[in-house]
Amino acid sequence: MAGDLLGHAGVLLADRRVTGSELHYLACRLSESLRDMMRVAESRGARLEAVVAGADGRRARE
């Protein structure tokens with residue numbers, strides 16, 4: 001979804017006749033996509049931290 005939105009954003013922003021409503025809709029969808037990507041990245045980071053912590057259960061160095 002993010003890739004499609006970025007492509008659409010490029011086309012939309014190149015058009016000087018774009019309306020405020022169209023930009024608002026695009027901003028909402030981009031924000032939604034970024035929120036999803038952050039959730040996935042945080043989840044993967046937490047899993048990686050658990051693996052790096054090792055067998056003794058201590059947290060990995062930051």
_Can you tell me how far apart OG (Ser31) and CG (Asp36) are? Round to the nearest 0.5 Å._
9.5 Å
*Do any pairs count as a salt bridge (Lys or Arg N to Asp or Glu O under 4.0 Å) and have a residue in residues 22-31, sequence neighbours left out, and if so which ones?*
Arg29-Glu32
*Partner residues of Asp4 under the salt bridge (Lys or Arg N to Asp or Glu O under 4.0 Å) criterion, sequence neighbours left out*: none
*asked:* Once rounded to the nearest 0.5 Å, what's the spacing between atom CG of Leu5 and atom SG of Cys28?
replied: 11.5 Å
*Just how far is it from atom CZ of Arg39 to atom CZ of Arg44, taken to the nearest 0.5 Å?*
10.0 Å
*Partners passing salt bridge (Lys or Arg N to Asp or Glu O under 4.0 Å) against Arg35 (at least two apart in sequence or in another chain)*: none
*asked:* Hydrophobic clustering (ILVMFWY, side-chain heavy atoms < 4.5 Å, transitive) - are Val18 and Leu26 grouped together?
replied: yes
*Shared hydrophobic cluster, Leu34 / Leu30 (ILVMFWY, side-chain heavy atoms < 4.5 Å)*: no
